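See structure below.
Side chains included, hydrogens not; waters and symmetry mates left out as well; all remaining heavy atoms used. Bear in mind that the values here come from a model prediction, so they are computed numbers and not experimental data.
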Amino acid sequence: MSSKNKKIFLSPPHLNGNEINYIKEAIESNWIAPLGPHVDQFEKEVANYIGIGSAAALSSGTAALHLGLKILGVDKRDIVFCSDLTFVATVNAIKYLDAEPIFIDSEKSSWNMCSKSLEMALDIHQPKAIIVTDIYGQSADYFAINKICKRNNIPIIEDAAESLGATYKGKKCGTFGELSILSFNGNKIITTGGGGMLLSNNENIINKARKLSTQAREPGLHYEHKEVGYNYRMSNVLAGIGRSQLKSLDQYVEKRRKIFDYYKKKLKSLDYIKFMPEIKDGRSTNWLSVILIENADHKKINRIIMNFNKENIEVRPVWMPMHLQPIFKDIPYYHYSQNSLSEELFEHGLCLPSGSSLSKDDMDKIIDILIRESR
């Protein structure tokens, strides 16, 4: 395919070239799976990078959410609060345990969970846990959310699947809950192709996760099981890829922030285009560069997306709020403001290509099309 007709993806993998050496090492040692030394090192290196006690490398971020909820004791008919503006995996993990999700609206300064909406919901419900999603590379306001949760004795799971490398008040995302999760899916800022991680300063949580994720096998020579387990561990090969990718993380963050700034500079004359804000005292990775086209409803947003597709460019709408999903239409949803912010973001939002390998020519092409299509 010529460069003229190449596909521009929303957030493709960006390999640094050293991944092959880690894969080669795994193959030559014949330590492909299960587990292996790359897994052990990857867990330590990510935990050290984030500044947290320990981590368990798993098959996906969804697996990490599922185990995290289970270890916190979430069970059938328990209530779990979660962000309304999130990927469906967050809610699916709650449903795996036959628990009941309740959705909390976003707030304007970060587009993440609104602390005032959270307090509204707590006036009516007592959740077993709260999952706070850091969307599009940015931390939620954990200063406010943590105060509320500590007062009500509710553990937080930080869904940092999209925010690896971001900071809030000088701390890395992934450190703000009783436990946190990461994703290394192919579209994330670093990838193992598929994988995730559960992290905590409570080593007992991580030890429990390691056991459950390897079919809950008891110690001993024979295979003995006293509880239901899962096949959720990461392979040695994928962990090797992750170790190489982690070395480039800070570089990828800087590149994505520059992409965001370039879009913002080139589009600043269009007063109907607004960019995702950066939370006070926080530093986003700008995993995705996200805009609101205020003169567009969702039908126009869809037309813009289709016209980008005709140019072989992948753009996407903002996450569809969970309370609008047909499968969750009867689940309670709390929003403090008169109008639902998550609905407004979905109505007007557009995610632009943001991969750390994106070229200036690619960005200029995207900007030209956006200006043409959004008027």
Side-chain angles (χ1 to χ4, degrees), residues 8-11 83-87 105-114 133-141 162-168 173 187-189 252-298 300-305 307-308 313-321 337 339-360 362-375:
I8 300 175
F9 291 98
L10 186 73
S11 180
S83 303
D84 186 51
L85 194 66
T86 188
F87 179 52
D105 196 16
S106 302
E107 48 89 25
K108 289 185 177 180
S109 65
S110 71
W111 294 7
N112 288 312
M113 185 178 284
C114 170
T133 302
D134 302 331
I135 63 165
Y136 299 132
Q138 173 153 266
S139 172
D141 181 4
E162 300 176 14
S163 63
L164 176 60
T167 62
Y168 176 65
C173 283
N187 65 351
K188 296 303 187 290
I189 197 162
Y252 293 167
V253 169
E254 293 307 314
K255 181 64 190 294
R256 291 194 189 231
R257 286 181 61 85
K258 287 179 180 177
I259 289 167
F260 180 91
D261 289 343
Y262 189 79
Y263 282 138
K264 196 170 184 179
K265 177 182 176 183
K266 292 294 184 178
L267 295 167
K268 66 180 180 181
S269 63
L270 304 181
D271 59 5
Y272 56 84
I273 290 182
K274 306 297 182 186
F275 281 76
M276 183 177 180
E278 187 166 56
I279 190 171
K280 183 183 178 183
D281 298 325
R283 190 171 192 269
S284 174
T285 67
N286 297 128
W287 170 59
L288 294 184
S289 291
V290 188
I291 61 172
L292 300 180
I293 305 177
E294 294 184 327
N295 66 346
D297 59 14
H298 196 67
K300 183 174 179 179
I301 292 292
N302 285 341
R303 287 198 300 272
I304 292 170
I305 291 170
N307 288 330
F308 266 106
I313 298 171
E314 182 185 24
V315 300
R316 290 190 182 176
V318 165
W319 293 125
M320 184 180 190
S337 56
N339 298 314
S340 164
L341 181 60
S342 63
E343 287 186 29
E344 180 183 334
L345 298 176
F346 177 59
E347 179 78 4
H348 303 290
L350 192 69
C351 302
L352 302 176
S354 309
S356 46
S357 57
L358 196 65
S359 70
K360 181 178 178 296
D362 289 339
M363 286 188 286
D364 287 336
K365 181 178 180 181
I366 292 159
I367 289 164
D368 288 344
I369 295 170
L370 181 62
I371 291 171
R372 181 188 76 209
E373 297 295 333
S374 63
R375 291 193 188 280

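Using a 4.0 Å cut-off between a side-chain N of Lys or Arg and a carboxylate O of Asp or Glu, Asp261 and Arg257 do not qualify as a salt bridge. A salt bridge does not link Lys300 with Glu294: every distance from a Lys NZ or Arg NE/NH1/NH2 to an Asp or Glu carboxylate oxygen is 4.0 Å or more. The pair Glu373-Arg375 fails the salt-bridge criterion, with no side-chain N (NZ, NE, NH1 or NH2) lying under 4.0 Å from an Asp/Glu carboxylate O.
Side-chain polar atoms of Ser11 and Arg256 form a donor-acceptor pair below 3.5 angstrom. Side chain to side chain, Tyr263 and Asn286 fail the donor-acceptor criterion of an N or O pair below 3.5 Å.
Closest approach of Gly165 to Val253, counting heavy atoms only: CA-CG2, 4.4 Å. Here the closest non-hydrogen pair linking Ile305 and Pro317 is CD1-CD, 3.3 Å. Nearest heavy atom pair, residue Gly349 against residue Ile301, reads O-CG2, 3.6 Å. Closest heavy-atom contact between Ser374 and Asn295: O-ND2, 3.2 Å. Residues Pro277 and Lys108 approach most closely at CG-O, 3.3 Å, considering heavy atoms. Of all the heavy atoms in Ser356 and Ile259, the pair that sits closest is CA-CD1, 4.4 Å.
A distance of 11.5 Å separates CG in Leu352 from CD in Glu314, rounded to the nearest 0.5 Å. Atom-to-atom distance recorded for Ile304:CD1 and Ile293:CD1 is 4.0 Å, nearest 0.5 angstrom. We find the OG-CD distance between Ser284 and Gln138 to be 5.0 Å, quoted to the nearest 0.5 Å. For the atom pair Leu288 CG and Met276 CE, the distance stands at 9.5 Å (nearest 0.5 Å). A distance of 11.0 Å separates CD of Glu347 from OG of Ser340, quoted to the nearest 0.5 Å. Rounding to the nearest 0.5 angstrom, the gap separating the NZ atom in Lys266 from the CE atom in Met363 is 10.0 Å.
Not a single donor-acceptor pair under 3.5 Å links the side chain of Ser83 to the backbone N or O of Thr86. Remark: side-chain polar atoms of Asp105 are not paired, donor with acceptor, to backbone N or O of Met113 under 3.5 angstrom. Under the 3.5 Å distance criterion, the side-chain polar atoms of His348 are left unmatched by any main-chain donor or acceptor of Asp297. Checking side-chain atoms of Lys255 against main-chain N and O of Leu358 turns up a donor-acceptor pair under 3.5 Å.
A perpendicular orientation is assigned to the rings of Phe275 and Phe260, their planes being inclined by more than 60° (bins at 30° and 60°). Taking the six-membered ring where tryptophan is involved, the planes of Tyr136 and Trp319 are essentially parallel, since the angle between them stays under 30° and well short of 60°.
Asp364 places a side-chain heavy atom less than 4.5 Å from the side chain of Tyr262. The shortest distance between side-chain heavy atoms of Pro353 and Val315 falls below 4.5 Å.
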Decide yes or no on side-chain contact (heavy atoms from CB on, under 4.5 Å) for Val290 and Val318, but give the supporting numbers first.
-> CA-CA 8 Å; Val290 188; Val318 165; 3.7 Å; yes
Between Asp141 and Tyr168, does a side chain to side chain donor-acceptor pair (under 3.5 Å) hold up when you go through it step by step?
-> CA-CA 8 Å; Asp141 181 4; Tyr168 176 65; 2.6 Å; yes
Determine, stepwise, if the pair Cys173 / Leu164 fulfils side-chain contact (heavy atoms from CB on, under 4.5 Å).
-> CA-CA 6 Å; Cys173 283; Leu164 176 60; over 6 Å; no
Evaluate the criterion side-chain contact (heavy atoms from CB on, under 4.5 Å) for residue pair Asp134 and Trp287; output intermediate values, then yes/no.
-> CA-CA 11 Å; Asp134 302 331; Trp287 170 59; over 6 Å; no
Working for side-chain contact (heavy atoms from CB on, under 4.5 Å), residues Ile313 and Lys365 | CA-CA 10 Å; Ile313 298 171; Lys365 181 178 180 181; 4.1 Å; yes
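The one candidate from Asp84, Ile135, Leu85 that meets the side-chain contact (heavy atoms from CB on, under 4.5 Å) condition with Ser106 is Leu85.
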